[in-house]
Number of protein chains: 2
Amino acid sequence: MTRHDPIQSCDSCPIRANAVCADCAPDEIAVLDRAKTYRTVPAGGRLAEAGEPLTYFSSIVSGCATMSRTLEDGRRQTVGLLLPSDYIGRPGRSTSAYDVEAVSEVTLCRFECATFERLLRETPHLATRLLTMTLDELDAARDWAVVLGRMTARERVAAFLVSLARRQARLSHQAEPTRAIALALPLSREAIADHLGLTIETTSRQFTALRKAGAIETPSTRLVQIPDFERLALEAGEDDDGGMIA
Amino acid sequence: MTRHDPIQSCDSCPIRANAVCADCAPDEIAVLDRAKTYRTVPAGGRLAEAGEPLTYFSSIVSGCATMSRTLEDGRRQTVGLLLPSDYIGRPGRSTSAYDVEAVSEVTLCRFECATFERLLRETPHLATRLLTMTLDELDAARDWAVVLGRMTARERVAAFLVSLARRQARLSHQAEPTRAIALALPLSREAIADHLGLTIETTSRQFTALRKAGAIETPSTRLVQIPDFERLALEAGEDDDGGMIA
DNA sequence: GCCCGCGCTTGATCTCGATCAATGCGACGG
DNA sequence: CCGTCGCATTGATCGAGATCAAGCGCGGGC
């Protein structure tokens with residue numbers, strides 16, 4: 001399989017963000033362009049409900065959404081943070097396994113499920129692309145299991161910030177963050193807590209602890225300055241080489 | 001996309017377990033059969049090392065393996081339990097992200113990476129099949145995140161037993177377990193603890209607690225009798241309909 | 001300007017699971 | 001038959017994070 005470059009977002013043609021890469025033939029792109037529609041959902045809007053039918057396969061063009069499950073007693077776990085180029089939906093399954101909620105205003109590029117599955121059959125390249133994206137998601141989900149299963153509250157918060165910083169850098173075509181960067185948080189403290197498997201109080205305390213330790217600055221609740229990215233990665237349990245230790 | 005039946009293992013032709021389903025053309029199967037080789041690894045053997053090159057794409061024919069990451073300070077988290085029909089390897093990436101270890105004697109059906117990626121390009125149906133399998137893995141990984149992030153020790157142990165029982169039933173072509181079943185544990189208490197994000201002591205205590213509550217019986221450490229499957233599913237935080245509550 | 005409400009932070013206490021420490025038990029070899 | 005070794009269980013204590021409960025700060029509406 002061709003190794004694809006990091007996903008290239010293209011505001012004037014957002015579908016490229018999901019299904020198209022440099023190897024695509026122009027006619028494949030044209031077919032996809034004909035089938036796509038757009039939809040914008042305000043912050044707080046529901047994009048899917050666990051167990052409910054899902055009539056579209058969509059990808060995020062702009063904004064941020066969370067994918068979560070809530071237990072009957074109210075415990076909630078976010079299993080995925082969806083940023084531009086991430087997709088919503090599952091070929092081969094007609095209902096959503098999770099609640100998907102817009103945390104900021106979200107614009108989607110959508111295909112009807114049946115249409116998308118036909119395109120998938122008829123366009124081998126699209127299937128390959130989707131496979132690569134799904135494998136990346138799988139790696140991310142497994143990495144997150146290590147965070148949820150074995151890391152302390154402080155490491156979890158640091159790991160969240162590091163992972164978000166890396167994703168935002170990639171989305172804006174930048175290299176791995178080096179030293180000082182600013183990070184805009186799309187999530188409230190509560191949503192972060194749900195993602196980290198912590199309570200909101202513990203999450204808040206760890207932000208404070210990281211601030212007092214000099215690992216971050218918090219000019220406002222939705223903004224985090226990271227004076228030394230490597231230092232923060234260290235707090236997240238990574239070694240100095242930037243990778244997880246084996 | 002065609003909705004595939006549960007994977008059909010076939011001892012005399014184990015490759016079917018991974019890449020072949022009813023829709024396959026006979027010549028596709030023949031091509032795969034020519035490329036495959038087998039390898040058997042004893043219990044405790046390493047099948048892959050995090051960060052090391054992976055020269056084969058393999059699938060498990062028999063036995064059980066774990067996929068895990070160990071932090072520098074010794075904390076270990078198992079991110080996947082690999083049973084027959086599961087695959088090891090990642091198209092498009094040449095190194096393993098995790099340690100993979102045989103917990104019982106494991107027989108693999110292997111393809112050289114380059115060969116497999118060529119087959120993937122040339123056989124659209126194989127790509128579709130792999131996509132379906134990967135999406136299933138992704139769902140499982142996300143479901144597990146809910147367990148790791150939000151469930152109590154007792155719920156985790158119950159969830160593990162329930163999920164293992166379901167997988168073993170599926171592998172032997174049986175329906176969802178109904179009432180009484182016996183479950184052979186392929187893992188030691190320590191390996192279970194690593195999968196559940198708990199210590200071995202807590203894991204052992206929860207086995208005892210579930211036994212005292214009448215939810216399981218433990219004739220030996222590697223054998224669990226489940227007198228009432230629904231009852232155990234309840235302990236795992238599922239509602240009576242057998243699904244997770246939204 | 002003032003009040004109100006919501007999201008965030010901080011404090012006090014409790015609890016579940018981790019840690020430290022024996023003890024039990026079955027398999028295997030002498 | 002007994003000693004040993006590795007895994008599992010059980011007990012005692014500790015501590016990180018949950019829970020319960022105030023404050024705090026900021027933005028919007030009257």
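These numbers were taken from a predicted model, which means no experiment stands behind them. Below, chains carry the letters A, B, ... as their sequence lines are ordered, and counting in each starts from 1.
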Q. Hey, what's the ring geometry for B:His195 with B:Trp144, parallel, tilted or perpendicular (30° and 60° as the breaks)?
A. parallel
(Q) Nearest whole Å is fine: how far is C:dC16 P from A:Arg75 CZ? (A) 12 Å
Q. Quick one: does B:Ile60's side chain get under 4.5 Å of B:Leu83's, heavy atoms only?
A. no
Q: Grab the two heavy atoms, one from A:Ala184 and one from A:Leu223, that are nearest each other, plus how far apart they are.
A: CA-CD1, 4.1 Å
Q. Which of residues 196-205 of chain B sit near DNA chain D, with a heavy atom under 4.0 Å from it?
A. B:Glu201, B:Ser204, B:Arg205
Q. To the nearest Å, how far apart are A:Arg154 CZ and D:dA16 P?
A. 12 Å
Q | B:Leu81 side chain reached by B:Leu164 side chain, heavy atoms, under 4.5 Å | A | yes
Heteroatom pairs (N/O) under 3.5 angstrom, protein to nucleotides 24-27 of chain C:
none

**Q.** Nearest-Å distance for atom pair CZ/P, residues A:Arg222 and C:dC6
**A.** 16 Å
Q | Atom-pair distance (CD1 on B:Ile192; P on D:dC7), nearest Å | A | 14 Å
Q.
Looking only at the side chains, is there a donor atom on one of B:Thr66 and B:Thr78 sitting less than 3.5 Å from an acceptor on the other?
A. no
**Q.** Of the listed nucleotides C:dG17, D:dG17, D:dA8, the one nearest the side chain of B:Thr221
**A.** D:dA8
Q | B:Tyr87 ring center near B:Phe57 ring center (under 6.0 Å) | A | yes
**Q.** Side chain of A:Arg211 (C-beta onward), nearest among D:dT9, C:dG17, C:dT10
**A.** C:dT10
Q: Quickly work out the A:Arg150 CZ to C:dG17 P distance and round it to whole Å.
A: 13 Å
Q) Taking atom C1' of C:dA18 as reference, at what distance in whole Å does atom CD of B:Gln206 sit? A) 13 Å
Q | Stacked cation flag A:Arg110 on A:Tyr38, 6.0 angstrom / 45 deg | A | no
**Q.** Residues in side-chain hydrogen bond (donor to acceptor under 3.5 Å, both in side chains) contact with B:Ser96, at least two apart in sequence or another chain
**A.** none
**Q.** A:Glu190 CD to D:dT19 P, straight-line distance once rounded to whole Å
**A.** 13 Å
Q: Have a look at B:Thr152 and tell me which of B:Glu155, B:Arg150, B:Arg156 forms a side-chain contact (heavy atoms from CB on, under 4.5 Å) with it.
A: B:Glu155
(Q) At 4.0 Å (heavy atoms only), tell me whether B:Ser220 reaches a base, stays on the sugar-phosphate, or touches nothing. (A) nothing
**Q.** Gap between atoms NZ and P, on B:Lys212 and D:dT9 respectively (whole Å)
**A.** 12 Å
